[in-house]
*Asks:* 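Here it is, the structure in full.
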Amino acid sequence: MAYRVTLIPGDGVGPEVTEAARRVLEATGVRFDWEILQVGGVAEKMSGALLPDAVLTSIRRNRVALKGPVTTPVGSGFRSVNVALRQALELYACLRPCRTYPGVPSRYENVDIVVVRENMEDLYRGIEFERGHPETVKLAQVIAETRGQSISPDTGISIKAISEAGSRRIVRFAFDYARGYKRKKVTAVHKANIMKFSDGLFLAVAREVAREYPDIQFEDRLVDNMCMQLVQRPQQFDVIVTTNLYGDLLSDLCAGLVGGLGLAPGVNIGNGVAVFEATHGSAPKYAGQNKVNPMALMLSCVLMLRHLGERENADRLEKAIATVIAEGKCVTYDLKPGSPETAVGTSQVADAVIERLLVGID
Ligand code: NAD
């Protein structure tokens, strides 16, 4: 039986890395029936819509998607298609594992952290009030009347909305993941000392949920302290659970600890639907150059195979990728900081991983 999976190539370097990922997936011997669909600027040119209904219908039907990165122009009219997709499918949990593979040029060894990021709430809800807009003036008036705090007329406002139910759902997800994957500790990250009603609520709920999982250690950290501790001694952390914005920042930080965005996989999950994608974006300056590292998306494919119940093939693919990294020959520029001229391209990395898969690696 073939798995029917929605495949979104994305833009920028997206088509190159998704093609490399598709090739290695097929080389595992697992059969896929791809439903290829476009979102973002490419889709807009074709159909007039940035996020066509057909994409949502396909993902809802197949329940699994593999997605390349999609560009969000800074300051332009439209908000991120990536955020819109997560909102539309209610993909409330973003899981981003970061581990050091031997041979990766990094300051750290033995890092194995999973960042669980809340994906629906917080400042990413897109509830914003533009400077000078009549609605903003009205909101400033309400705040002045109810709180006695003044907001100057040249202010833009973004709402940080965090709910009890949303917090409970993501913290439970993190603990269930920790239990399911035999992890020992969950660290909740917040800034509850300053934002008492949003981050404070998240922390209170996290503490409550932690009591339901006595077999898993629980601790919490302020996000600023967490950044410092991650840089100083990342090995002390296991599963991190946090709100949307901090999760976005911390998952890039953790990617940096283990060799960079070229090695950071991810998945967005919710209500029986999973969209697998790398942490990195569309890296437009490298688009079409066969240059960037496809391993982040390949490692997302490892997560996808595990999700599909193909554990053995997931392990084989991860081992093949790890071997190519350890050999250090057929890797992209980001894994060869001392000698970038000897790096290979995106598709050659796929060739090397496929070769490892086909000859066996033991
Ligand atoms: P980016 O992740 O695209 O790139 C930042 C830098 O990281 C690149 O210039 C490159 O040096 C490096 N890099 C990224 N991916 C790499 C890879 N696979 N191999 C080697 N090096 C890699 O971040 P950005 O420049 O901030 O964002 C570019 C666009 O991507 C923006 O429009 C942003 O909104 C979008 N974006 C999309 C997603 C997504 O689709 N999920 C995620 C993040 C950013």
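As the structure lists them, so they are numbered: ligands from 1, and atoms in each ligand from 1. Just so it is clear, the structure is predicted and the values come from calculations on it, not from any experiment.
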*Asks:* Taking distance alone, with N or O pairs closer than 3.5 Å, would you say Thr71 contacts ligand 1?
*Replies:* no
*Asks:* Do the non-hydrogen side-chain atoms of Lys191 and Asn193 ever get within less than 4.5 Å of each other?
*Replies:* yes
*Asks:* Check each heavy atom of Pro284 against ligand 1 and say whether those closer than 4.0 Å belong to the side chain, the backbone, both or neither.
*Replies:* side chain
*Asks:* Side-chain contact test, heavy atoms from C-beta onward, threshold under 4.5 Å: evaluate it for Val267 versus Val275 and give yes or no.
*Replies:* no
*Asks:* Find all atoms of ligand 1 within a distance of less than 4.0 Å from any non-hydrogen atom belonging to Tyr286, and give their numbers and elements.
*Replies:* 10 (C), 11 (O)
*Asks:* Report the residue from Val241, Asn225, Leu230, Val223 that forms a side-chain contact (heavy atoms from CB on, under 4.5 Å) with Val189.
*Replies:* Val223
*Asks:* Taking non-hydrogen atoms only, is Asn82 closer than 4.0 angstrom to ligand 1 via side chain, backbone, both or neither?
*Replies:* side chain
*Asks:* With only distance considered, is His280 within less than 3.5 Å of ligand 1 through an N or O on each side?
*Replies:* yes
*Asks:* Give the atoms of ligand 1, by number and element, whose distance to some non-hydrogen atom of Ala283 is under 4.0 Å.
*Replies:* 3 (O)
*Asks:* With a cut-off of 4.0 Å, which atoms of ligand 1 are near a heavy atom of Asn293?
*Replies:* 17 (C), 18 (N), 19 (N), 20 (C)
*Asks:* Please indicate whether any nitrogen or oxygen in Tyr333 is less than 3.5 Å from any nitrogen or oxygen in ligand 1.
*Replies:* yes
*Asks:* As a check for students: among Pro294, Gly281, Ser282, Gly260, identify the option with a heavy atom nearest to atom 29 (C) of ligand 1.
*Replies:* Ser282
*Asks:* A quick test of your reading: do over 12 heavy atoms of other residues, nucleotides or ligands sit less than 6.0 Å from CZ of Arg233?
*Replies:* no
*Asks:* Atoms of ligand 1 less than 4.0 Å from Pro69 heavy atoms?
*Replies:* 40 (O)
*Asks:* In this structure, is the centre-to-centre distance between the rings of Phe197 and Phe202 below 6.0 Å?
*Replies:* no
*Asks:* Does Lys160 come within less than 4.0 Å of Glu121, counting only side-chain N to carboxylate O?
*Replies:* no
*Asks:* Looking at Lys336 and Glu341, is any side-chain nitrogen of the basic one under 4.0 Å from a carboxylate oxygen of the acidic one?
*Replies:* no
*Asks:* With respect to Val70, determine whether any N or O atom, backbone or side chain, lies less than 3.5 Å from an N or O atom of ligand 1.
*Replies:* yes
*Asks:* Would you call Glu312 and Arg306 a salt bridge, using N to O less than 4.0 angstrom?
*Replies:* no
*Asks:* Any salt bridge between Arg183 and Asp112, counting N to O under 4.0 Å?
*Replies:* yes
*Asks:* Before signing off on this row, confirm whether Val17 and ligand 1 have an N or O atom pair separated by under 3.5 Å.
*Replies:* no
*Asks:* Is it true that Arg207 and Glu219 have a side-chain N and a carboxylate O under 4.0 angstrom from each other?
*Replies:* no
*Asks:* Tell me the contacting part of Thr279 for ligand 1: side chain, backbone, both, or neither, using a 4.0 Å heavy-atom threshold, strictly below.
*Replies:* backbone
*Asks:* Any idea which atoms of ligand 1 are less than 4.0 Å away from a heavy-atom of Lys285?
*Replies:* 9 (O)
*Asks:* With atoms numbered from 1 as shown, which atoms in ligand 1 lie under 4.0 angstrom from a non-hydrogen atom of Asp334?
*Replies:* 20 (C)
*Asks:* Heavy atoms only, cut-off 4.0 Å: how does Arg86 contact ligand 1, side chain, backbone, both, or neither?
*Replies:* side chain
*Asks:* Under 3.5 Å between some N or O of ligand 1 and some N or O of Leu261?
*Replies:* no
